[in-house]
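Hydrogens, waters and symmetry mates play no part in the numbers below; they use all other heavy atoms, side chains included.
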Amino acid sequence: MSIARQDAWTQDEDLLLAEVVLRHIREGSTQLKAFEEVGKQLTRTSAACGFRWNSFVRKQYKSGIELAKKQRKEQVVNDTEMERESVAVVENNTIEPKAPQEEEKESITLQEVILYLTKMDEFFQVDNKEKERISEQYLFIEQQNVRLQEENALLKENLKAVEEDYRALMQIMERARKLSVQEDEKTNPKVSFQMDKNGNLERVNK
């Protein structure tokens with residue numbers, strides 16, 4: 001199993017991502033399938049590809065997206081017209097008359113077959129749409145997970161920097177306390193200083 005990349009995106013990778021997504025839009029496919037295709041080519045997760053597309057690349061291809069959607073609609077219209085013409089040709093074909101004994105038997109007409117196939121196609125389309133909806137939700141959750149991981153890494157870096165600053169400050173205060181005690185002991189040996197629980201210096205009489 002290959003390890004998914006987590007390095008920065010290059011300009012060529014952004015271009016590949018845009019080309020594949022626009023092609024899937026033109027062909028009536030889903031963006032999820034496009035992200036999976038790009039992920040395999042770039043050794044990245046589909047969630048990372050989706051996050052990159054939604055957060056950066058898509059903003060640069062607004063006109064391309066609109067054109068791809070328009071081409072997809074035109075293709076759907078053309079396919080519908082071709083299907084109607086095919087059905088009309090089949091329905092206009094002459095059918096040989098049946099013998100009297102055959103007419104009494106139960107038969108299935110061409111129109112009934114077409115209606116049955118149409119209903120079956122609608123059923124599978126609904127099922128596929130539900131699968132795509134679940135896949136889109138899963139992709140969104142993966143994208144949110146990637147974003148939260150990046151934010152968590154940034155917060156850890158900030159916390160580390162704050163801790164280092166705090167330790168440096170405490171070292172400076174400790175050195176200042178020691179110098180103050182040494183100077184005071186020279187002038188007044190009976191007086192000393194100590195640091196309270198809040199980090200403040202307080203005078204202590206010996």
Calculate, to the nearest 0.5 Å, the distance between atoms [atom1] and [atom2] belonging to [X] and [Y] respectively.
X      : Y      : atom1 : atom2 : answer
Lys59  : Ile65  : NZ    : CD1   : 12.0 Å
Asn145 : Glu150 : CG    : CD    : 10.0 Å
Glu136 : Ile134 : CD    : CD1   : 11.5 Å
Trp9   : Leu17  : CH2   : CG    : 5.0 Å
Arg52  : Arg58  : CZ    : CZ    : 13.5 Å
Phe35  : Ser46  : CZ    : OG    : 8.5 Å

Between [X] and [Y], is there shared hydrophobic-cluster membership here, with clusters defined by ILVMFWY side-chain heavy atoms closer than 4.5 Å?
X      : Y     : value
Leu15  : Val38 : yes
Leu139 : Leu42 : yes
Val57  : Phe51 : no
Phe56  : Val20 : yes

_Has Asn152 got a side-chain atom pairing as donor or acceptor with Leu148's backbone, closer than 3.5 angstrom?_
no
Taking NZ, NE, NH1 and NH2 as the nitrogens, is one of them in [X] or [Y] under 4.0 Å from a carboxylate oxygen of the other?
X      : Y      : value
Glu151 : Arg147 : yes
Glu13  : Arg44  : yes
Asp165 : Lys160 : no

*Got Glu37 and His24 here, is their nearest side-chain heavy-atom distance under 4.5 Å?*
yes
Of all heavy-atom pairs between [X] and [Y], which one has the smallest distance, and what is that distance?
X     : Y      : answer
Ala47 : Gln143 : O-CG, 3.6 Å
Arg72 : Ile25  : CD-O, 3.0 Å
Gln41 : Leu16  : OE1-CD2, 3.6 Å

*Classify the ring geometry between Trp53 and Tyr61 as parallel (under 30°), tilted (30 to 60°) or perpendicular (over 60°).*
parallel
